[in-house]
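Letters A, B, ... are given to chains in the order of the sequence lines, protein chains preceding strands, and every chain is numbered from 1.
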Amino acid sequence: MSSWLQKHISKIVIAPSFAIILVFVYGFIGWTVYISFTKTKLLPKYTLIGTHQYEKLFSTPRWYVALENLFVFSGLFILIAIVIGLLLAILLDQKIRTEGFLRTIFLYPMAISFIVTGTAWKWILNPQNGIEAVVRSWGFESFRFDWLINSDMAIYTVVIAAVWQASGFVMALFLAGLRSVDQEIIKAAMVDGIPTSRIYSGIIIPSLAPIFLSAVIVLAHLSIKAFDLVVSLTGGGPGYSTDLPATFMYTMAFSRGNVGQAAASAVVMLTIVVAVIVPYLYSEMRSRHD
Amino acid sequence: MNNTQQNETNEMADNKILVIKNLDKNFGSTQVLKNIDITIDEGDFLVLVGPSGCGKSTLLNCIAGLEEITSGEIIIDNLDMTSVAPKDRNIAMVFQSYALYPTMNVEKNITFGMKVRGESVQAQQAALKNVSDVLQIGDLLKRKPAQLSGGQRQRVAMGRALVRNPRLFLFDEPLSNLDAKLRVEMRAEIKKLHQKLQTSIVYVTHDQTEAMNLATKLAVMKGGVLQQLGAPQEIYDKPNSIFVAGFIGSPAMNLIKGVAFKNQDELFFRTQLNGETIQISIDHYESEQKIVEGQDITLGIRPEYITGMKPVDIEEKMIISVMLNPVLIETNGFDKHVNLEFGDGEIGGRFTPQEQIIYGQPVLTYMDFSNISLFDSQTEKRL
Amino acid sequence: MTNHVLAGTAQSQLKSRFWHKAARFSLYAILGIFALFYIMPLFVMVITSLKSLDEIHQGGLLSLPENITFEPWKVAWSSACAGVSCVGLKGYFLNSMVMVVPAVFISTLIGAINGYALMHWKFKGSEIIFALLLFGCFIPFQIVLLPMAILLGKIKLSGSFSGLIMVHAVYGIPFTTMFFRNYYMTIPTELVKAAKIDGAGFFRIFYSIFLPLSPPIIVVTIIWEFTNIWNDFLFGISFSEPGTQPITVALNNIVNSTTGVKEYNVDMAAAIIAALPTLLVYIVAGKYFIRGLSAGSVKG
């Protein structure tokens with residue numbers, strides 16, 4: 001191989017991927033952003049007309065429902081998944097004999113598709129045959145658990161299913177973190193006579209701060225993208241009570257044929273993601289350079 | 001390694017095997033190597049030594065061609081190699097982490113380069129045999145690097161370098177991953193190998209003892225600048241700056257601040273010790289630069305000239321005896337290294353094991369100023 | 001291990017053996033309850049899929065089937081209806097396979113070379129390129145749906161397998177590149193230097209030295225990509241047509257099919273079939289699966 005080629009081979013190898021990402025990520029983002037500032041309806045129109053699409057978007061009640069749902073859903077989902085994940089990790093960290101087996105059980109939902117999860121929980125939560133029927137058959141005749149068909153509560157069923165799917169993963173993250181805590185610090189604390197509970201609350205859990213951060217990031221990211229789960233569990237319903245920006249965008253794009261609104265809503269989604277991710281990525285990159 | 005080459009060596013005794021001219025190296029806007037000039041002869045063992053970050057490893061990588069240089073020239077065996085690929089520079093390199101290919105066994109590690117260059121299997125096997133005999137690694141050939149001890153890996157790494165039969169060997173801190181005992185053993189072995197094969201070597205280390213032990217030529221570096229280049233003993237005896245004086249030699253050279261002072265045409269060094277003025281004649285000192293009266297100078301004296309027994313055959317005026325308080329006593333077995341309170345600071349001396357030195361009891365200490373170095377306190381350069 | 005050290009203190013602090021045992025018992029009890037919560041949906045799916053519709057209508061979500069029947073599985077596999085087409089999941093299962101295999105292969109291969117180049121053959125701007133690539137891991141794919149649909153139309157790949165393979169491969173590259181780059185970060189650059197002096201070039205070093213070291217990360221990457229693409233729904237529903245739909249889309253269509261009687265047992269059997277390949281991967285190679293998950297989230 002000639003020395004010129006050898007000198008530039010790395011660039012040559014990277015170039016196609018870079019070009020692909022430039023087009024398919026940045027180019028497409030650019031296109032969508034551009035379209036969101038035009039009066040595009042079904043077919044793309046390329047005349048810029050300013051923020052018309054956004055004004056329209058933010059005067060749509062359904063969009064507000066989707067945004068509100070996003071915040072309720074992601075807030076609860078992140079919080080509960082982290083609490084359960086951390087709890088399970090700490091419990092599993094107590095020299096549990098069946099740890100491997102339990103870990104497998106806690107984590108398997110992460111392997112399956114949101115569509116399957118939605119299908120399963122839809123069946124479990126449906127009032128006629130699901131949990132409500134089971135509890136009633138135990139003699140609690142007045143038991144009601146109809147969140148799935150209750151438009152005020154349906155979003156919480158999405159939270160339940162999502163927590164079921166992702167909390168085991170959070171557990172795995174925390175467990176790995178617990179296992180990598182410097183054992184000498186713990187020994188030092190023990191020599192100082194500090195009780196186990198204080199070792200956890202004072203030393204171990206604070207040292208897991210980076211894991212909290214990445215767990216929040218991953219879960220936030222999952223919840224913004226959550227589309228499949230809502231489609232399969234509630235179909236966005238009852239009505240549009242469980243719409244998320246992701247389903248709103250899809251409906252606009254492919255059912256309503258309103259590409260302009262779809263583009264504007266997708267841009268808002270991206271903005272939320274960027275607001276969460278970019279500071280994180282930036283701090284990660286910086287800390288690695290230091 | 002083979003006879004023809006040794007003959008060549010003898011014929012071309014003054015052959016310059018490596019010439020580095022005005023070498024500059026920048027990483028972005030930071031200058032990591034500044035105007036380096038080094039020349040070594042065939043058969044030389046050049047050691048690049050300096051504190052971490054001094055640029056010695058970068059310089060080695062530049063010689064290898066693994067880093068591009070910003071300006072200057074690198075000539076290896078009379079060929080301009082400045083912009084030649086590493087594989088064509090007729091060099092071999094041994095790395096700090098050994099850099100053995102983890103998935104290949106020892107044999108394949110050693111012959112990989114020959115295989116890449118398309119040499120015949122017979123040639124590969126012959127070279128392998130030769131090298132494994134020299135390094136006594138014949139029974140390790142089928143093992144993977146992970147199954148070798150540190151010392152064995154070190155040998156294999158050297159084997160991979162030897163098999164190339166290069167004009168110049170490059171060693172990048174090859175012993176720093178070994179434990180202390182093994183390091184001394186391997187150090188001796190590298191030295192013997194150098195004697196036996198009469199190879200030319202450039203060797204990087206941060207350990208000045210290792211550097212002194214191995215080098216026929218020593219290059220002390222700091223901050224990307226070559227501080228001093230010369231034979232190890234020459235650098236030890238005549239360090240050309242305060243930095244080199246402090247860096248080479250362990251325990252370090254004692255540095256005492258004072259002023260130059262003239263009395264009846266005789267030049268003295270004057271300093272204060274516990275309120276008393278001490279004057280030492282420095283008339284005998286062969287200075288490279290003129291010392292003027294009132295100049296701030298720093299006097300360097302090695303610990304072996306600070307002892308508990310009066311030196312013999314030394315002019316009386318070169319010796320000062322003082323009572324000094326020991327603050328640190330380190331026993332080596334063959335001697336004692338003692339730190340003594342000296343004004344605001346400390347000086348280190350060497351005492352024999354027979355001398356009783358006890359904390360809290362001042363010791364009668366003889367300072368022999370017949371062999372000193374003088375530096376300008378401002379420029380920190382040798383006078 | 002933490003637990004090893006801490007168990008010691010726990011022991012010394014608990015005054016009596018009784019309290020120690022009680023604590024251990026409640027520990028196991030809590031873990032057991034959680035385990036039931038996690039296993040319950042799978043359990044419900046399995047037993048429901050083995051019941052007849054009559055038995056299901058009698059109630060008893062959690063009761064074991066009285067007469068086990070595999071009929072729902074047969075129906076789910078070969079004749080379940082999505083709308084008017086009653087062909088089961090069989091064909092869609094194959095569709096997913098046809099898409100997953102090349103997409104995983106392409107993105108893994110490209111990721112390996114990219115990771116190697118970006119880590120060990122750095123050039124001016126290579127870090128920025130990596131950062132730009134990494135950002136691709138985080139974008140919500142909604143932002144690219146519209147232009148992708150238009151592009152696929154323009155290059156005549158709408159609804160085709162090739163189109164879907166391309167989409168999956170392209171958006172897999174940021175992940176695979178990151179996986180390989182971070183893995184190769186643990187391989188000392190001195191190896192590359194040594195090989196360069198030995199005369200090996202870019203591809204020779206990759207092939208002779210890096211590839212033999214890569215099986216762990218290749219497994220992690222393949223599992224990650226396989227799971228992601230198999231479980232994908234968004235691209236599937238957006239860019240496929242009836243003949244090329246992946247299994248997730250077909251499952252959703254079957255479950256939400258409003259014609260005829262609702263066959264919950266068939267729905268559940270279909271859901272399990274759709275989940276089976278990734279579950280199998282998880283059970284066989286759980287260690288690598290978890291490693292991929294963590295690597296995919298904790299960007300190193």
Side-chain angles (χ1 to χ4, degrees), chain A residues 1 6 9-11 13-14 17-18 20-21 24-25 28-29 31-32 88 91 93-95 102 105-106 108 111-113 115-116 119-120 123-124 129-130 133-134 137 169 172-173 178 181 183 186-187 190 195-196 214 218 224-225 227-228 232 246 249 253 259 262-263 266 269-270 273 277 284, chain C residues 1-3 5-7 9-10 13 27 30-31 34-35 38-39 41 44-45 59 61-62 110 113-114 117 121 123 129 132-133 136 138-140 142-148 170 173 201-202 227 231 233-234 248 251-252 255 264 267 271 274-275 278-279 282 286 289-290 293-294 297-299:
Chain A
M1 209 182 289
Q6 196 57 246
I9 185 76
S10 184
K11 289 174 215 171
V13 164
I14 291 296
S17 296
F18 185 53
I20 285 171
I21 293 304
F24 285 79
V25 173
F28 281 12
I29 289 174
W31 189 92
T32 308
L88 288 178
L91 292 181
D93 197 29
Q94 305 303 317
K95 256 190 153 179
L102 286 170
I105 287 181
F106 295 151
Y108 85 90
I112 65 183
S113 135
I115 297 293
V116 173
T119 306
W123 168 238
I124 292 163
N129 305 83
V134 170
S137 76
F169 165 56
L173 280 184
L178 288 175
V181 172
Q183 292 305 298
I186 295 170
K187 284 180 191 161
M190 281 168 55
T196 308
S214 47
V218 175
I224 293 164
K225 292 216 267 192
F227 165 73
D228 333 15
S232 60
M249 183 273 163
V259 171
M269 285 179 69
L270 179 72
V273 171
I277 297 292
E284 283 280 296
Chain C
M1 292 282 108
T2 330
N3 46 23
V5 176
L6 289 175
T9 36
Q13 280 155 8
L27 185 64
I30 297 170
L31 283 169
F34 271 107
Y38 283 97
I39 207 73
V44 168
M45 277 200 282
L61 180 78
L62 299 169
I110 295 178
I113 294 264
N114 281 352
W121 294 74
F123 49 88
I129 288 184
L132 288 173
L133 232 67
F138 292 101
I139 55 164
Q142 278 78 8
I143 197 81
V144 298
L145 279 188
L146 297 165
M148 184 56 102
V170 162
I173 289 174
F202 182 90
T227 310
N231 288 342
F233 180 70
L234 182 63
T248 46
L251 170 66
N252 192 53
V255 172
Y264 297 111
D267 289 355
T278 49
L279 272 182
Y282 170 65
F289 178 81
I290 296 166
L293 275 182
S294 330
S297 59
V298 193
K299 312 292 189 279

Which heavy atom of A/Ile105 sits nearest a heavy atom of C/Ala35, and at what distance? CG2-O, 3.8 Å
Taking side chain as C-beta onward, heavy atoms only, is A/Asp228 less than 4.5 Å from C/Thr248? no
What part of A/Ile21 gets within 4.5 angstrom of chain C, counting heavy atoms only: side chain, backbone, both, or neither? side chain
Is A/Val273 in contact with chain C via its backbone, its side chain, both, or neither, using a 4.5 Å heavy-atom distance? side chain
Non-hydrogen atoms of C/Thr227 and A/Ala111 that approach each other most closely: CG2-O, 3.7 Å
Please classify the contact between A/Leu102 and chain C as side chain, backbone, both or neither, with a heavy-atom cut-off of under 4.5 Å. side chain
Are C/Leu27 and A/Lys95 side-chain neighbours, meaning at least one heavy-atom pair lies under 4.5 Å? no
Please classify the contact of A/Ile277 with chain C as side chain, backbone, both or neither, using a heavy-atom distance under 4.5 Å. side chain
Within-4.5 Å side-chain heavy-atom neighbours: C/Asn114 and A/Phe18: no
Look only at the side chain of A/Thr119 and the backbone of C/Ala271, and say whether a donor-acceptor pair between them is shorter than 3.5 Å. no
Per-residue contact mode, C/Phe123 against chain A (heavy atom under 4.5 angstrom): side chain
Is there side-chain contact between A/Ile112 and C/Tyr282, with at least one heavy-atom pair below 4.5 Å? no
Please look at A/Ala172 and chain C and tell me whether the side chain, the backbone, both or neither of the residue comes under 4.5 angstrom of a heavy atom of that chain. side chain
Most contact-rich option vs chain A, by heavy-atom pairs under 4.5 angstrom, among C/Leu31, C/Ile39, C/Leu251, C/Ile173, is C/Leu31
When you measure from the side chain of A/Tyr108 to the backbone N and O of C/Tyr38, does any donor-acceptor pair fall under 3.5 Å? yes
For C/Val44, the side chain to side chain contact (heavy atoms under 4.5 Å, CB included) test, sequence neighbours excluded, returns A/Trp123, A/Ile124, C/Met40, C/Thr48, C/Leu61, C/Leu62
Below 4.5 Å from any heavy atom of chain A, which atoms of C/Ile110 appear? Answer side chain, backbone, both or neither. side chain
Heavy atoms only, distances under 4.5 angstrom: which of A/Ile29, A/Val13, A/Val25 has the most pairs with chain C? Name it, please. A/Val13
Flag the one option from C/Ala275, C/Pro140, C/Ala117, C/Ala274 with the top tally of heavy-atom pairs under 4.5 Å to chain A. C/Pro140
With chain A, the option among C/Val255, C/Val144, C/Ile30 that has the most non-hydrogen atom pairs under 4.5 Å is C/Val144
Flag the pair C/Ile139 / A/Leu270 as yes when at least one side-chain heavy-atom distance between them is below 4.5 Å, and no otherwise. yes
Partner chain C: residue of A/Ile20, A/Val259, A/Ile14 with the largest heavy-atom pair count (under 4.5 Å): A/Ile14
The interface call for A/Phe227 against chain C, heavy-atom contacts under 4.5 Å, is side chain
Could you tell me whether the side chain of A/Gln6 reaches within less than 4.5 Å of the side chain of C/Trp121, counting heavy atoms only? yes
Kindly give the heavy-atom pair with the smallest separation between A/Ala263 and C/Leu146, and that separation in Å. N-CD1, 3.7 Å
Between A/Met269 and chain C, with a heavy-atom cut-off of 4.5 Å, which part of the residue counts as in contact: side chain, backbone, both or neither? both
